[in-house]
Amino acid sequence: MLYSNDRFRKSFLGLSWLMVLTVCLSLCVACADDGDEGRLPVISWEMSSGRFTMVAGEVLTIVPTVTNTDATTTYSWTMEGRVVSRRDFYTFTSRTPGTYFIQLAVTNRFGQSQDEVKVTVLESASEAIVPEAPDDGRFSWYFPWTYINICQGRSLLLRPYMVRNAEGAAVPVPEVEFCATELGPHAVTLTMLVGDTEYKQTLTVNVCPPEGTFRRSGEGDALVNRVFDYQPAPGIMVNGYSLLGESFPVGCTLEQACATVMAHFRRQWAVSLGAQGGYLIAGFDHSVAGDLLIKGNPFNYQSEPGIVWVSLDANGDGLPNDQWFELAGSEYGSPNHQTDYAITYYRPEQEKSGVAWRDSNGDESYVPHFNYWNPSVYYWQDWQTSATLTFVGSRLVSHHQYADGFSTLPPYAWGYPDNEGSDTQNSVTRLHLSNARTWDGKPANLPYIDFVKVQTGQCGFTPNLGEISTEVYSIEAAP
């Protein structure tokens, strides 16, 4: 999870990585007339507490974000009563464990602002536990749903994901295109023969009346009014820790988690979706026919694009148990975009361990555990009780880079929240329902929608930033 301007974090491997951290809350002490207070320098850091932790011998480069600067601006860093730097950043290192307080004073022609950083230097750090994805050699496959509602006249592809250990299969992985013609529930059974064993899975598709039958007319609130599901993938900002707003309570249920996410949206506080595939589902109090506005916290050097899906209430029950349509962004259909992607995360057995994953491409890696940033025992949610988490959707190729202690995450052109594209202003991305696509890539031509799903769209991490994870602050219907 990456947060704020330059969320640079130290390596989970216990190496002496350069750490660059920039922030989000400040304390200004004015020494000018009251009328000049609005023009004083404003200092901000990544952590609202202004506290950082490192291991003895490591190097921490502290880079503040300062606004209201001009040609007269000067910087003064002080530690233990001694000026240690007059540059716009300060590089700190110590081989002696302990607590260090570093003061920064920034002055412009209107006066001076001050703030303080607390650095805790630890004697050593436990080695990161690098997990491996387990494999018991048994056949397995995954279906994201077993019952779905679909409007008459639509179609969808029925298929399994994450098919494992089927090398001896006499029948290839089944795929069935279902065309919704006759109303009512229809059972479709998919079968695979592996060796002498036959595996079957029955899926039920409920064909509902044509689109428009259950449309909710009238105007309502622009903001979504309910969060139905919140299933973040593992990450450092999704368990027992929050930069902005309340954390999820200990022993949190899914209902409590959804209520907390909704409370964040009302205040435009951050909600992290964790690593690749993590998602939330929200709905409006009326059917929406216009654009969507989704707020994140992107920068052109640090974007974590999410992928958006939309759905309309096919059976009129008010629940998001219906067919989803992806909103195509600039990369849709290009080599940077992969549909029908799936990834499985495995609950770690050791405390403070990274989370292993395996995907439908056959790749394996893990989400690292950053103990100094979020010391929770597991990056796994209380309401996620299974030993594995599998997410299905689309994936965007990440072009993130790491060199000399710095990381960059370049944005894509348009079409993704938490991405500094051409359609994003003041961290808010405008998304057009006309870009909705069917499972086979054709325009969906949706007359309206009722539900929105946002997923983290990239897979990867860097040593000082951690995993790539989409953040959402609010979801609204455009005026």
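When a residue number appears, it is its place in the shown sequence, counting from 1.
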Do you know the tightest heavy-atom contact between [X] and [Y]?
X      : Y      : value
Gln114 : Ala105 : CG-CB, 4.1 Å
Met262 : Asn225 : SD-C, 3.8 Å
Thr424 : Thr429 : OG1-OG1, 2.7 Å
Ala436 : Val310 : CB-CG2, 4.3 Å
Ala133 : Tyr346 : CB-CE1, 3.7 Å
Tyr345 : Trp380 : O-CH2, 3.6 Å

Could you check if a side-chain atom of [X] sits within less than 4.5 angstrom of a side-chain atom of [Y], using non-hydrogen atoms only?
X      : Y      : answer
Lys453 : Pro320 : no
His399 : Tyr412 : yes
Pro210 : Cys151 : no
Val205 : Ile150 : yes
Val454 : Pro417 : yes
Pro160 : Val173 : yes
Pro447 : Leu312 : yes
Gln256 : Leu254 : no

Item to check | Glu364 atom CD: more than 12 heavy-atom contacts under 6.0 Å | outcome: yes
Does [Y] offer a backbone N or O that forms a donor-acceptor pair with the side chain of [X] under 3.5 Å?
X      : Y      : value
Thr470 : Pro305 : yes
Thr107 : Thr74  : no
Ser330 : Trp414 : yes
Asn68  : Leu40  : yes
Ser474 : Phe265 : no
Ser85  : Arg87  : yes
Arg347 : Gln384 : yes
Arg215 : Glu211 : no
Asp221 : Asp285 : no
His432 : Asp291 : no

For the pair [X] and [Y], name the ring-plane relationship: parallel under 30°, tilted 30 to 60°, perpendicular over 60°.
X      : Y      : value
Trp383 : Tyr230 : tilted
His337 : Tyr332 : tilted
Tyr301 : Phe299 : parallel

To the closest 0.5 Å, what do you measure between [atom1] ([X]) and [atom2] ([Y])?
X      : Y      : atom1 : atom2 : result
Leu158 : Glu175 : CG    : CD    : 9.5 Å
Gln268 : Asn297 : CD    : CG    : 12.0 Å
Asn435 : Asp423 : CG    : CG    : 9.5 Å
Asp418 : Lys295 : CG    : NZ    : 11.5 Å
Gln455 : Ile307 : CD    : CD1   : 7.0 Å
Leu104 : Tyr90  : CG    : OH    : 12.0 Å

Item to check | Output field: ring centroids Phe461/Tyr366 closer than 6.0 Å | outcome: yes
Checklist entry - Is it true that the NZ or CZ of Arg159 lies under 6.0 Å from the centre of Tyr161's six-membered ring and within 45 degrees of the ring axis? => result yes
We want to know whether [X] and [Y] form a side-chain donor-acceptor pair, criterion being a heavy-atom distance below 3.5 angstrom.
X      : Y      : result
Thr339 : Trp439 : no
Gln458 : Glu304 : no
Asn361 : Tyr341 : no
Arg216 : Tyr448 : no

Next on the checklist: One thing to verify: whether Asp359 and Arg395 come together as a salt bridge, which I'm taking to mean a side-chain N less than 4.0 angstrom from a carboxylate O.
Outcome noted: yes
Next on the checklist: Quick one, Asn108 with Thr72, criterion side-chain hydrogen bond (donor to acceptor under 3.5 Å, both in side chains). Give me CA distance, side-chain angles, the key distance, then yes/no.
Outcome noted: CA-CA 5 Å; Asn108 66 9; Thr72 68; 5.7 Å; no
Checklist entry - Between Val207 and Phe178, does a side chain to side chain contact (heavy atoms under 4.5 Å, CB included) hold up when you go through it step by step? => result CA-CA 10 Å; Val207 179; Phe178 180 90; 3.8 Å; yes
Item to check | Step-by-step side chain to side chain contact (heavy atoms under 4.5 Å, CB included) determination, Phe284 to Val452 | outcome: CA-CA 9 Å; Phe284 295 94; Val452 180; 3.7 Å; yes
Item to check | Gln323/Phe325 under side chain to side chain contact (heavy atoms under 4.5 Å, CB included): CA gap, chis, key distance, verdict | outcome: CA-CA 7 Å; Gln323 183 179 16; Phe325 302 87; 3.6 Å; yes
Item to check | Derivation and outcome, side chain to side chain contact (heavy atoms under 4.5 Å, CB included), residues Leu157 and Asp440 | outcome: CA-CA 8 Å; Leu157 186 69; Asp440 54 357; over 6 Å; no
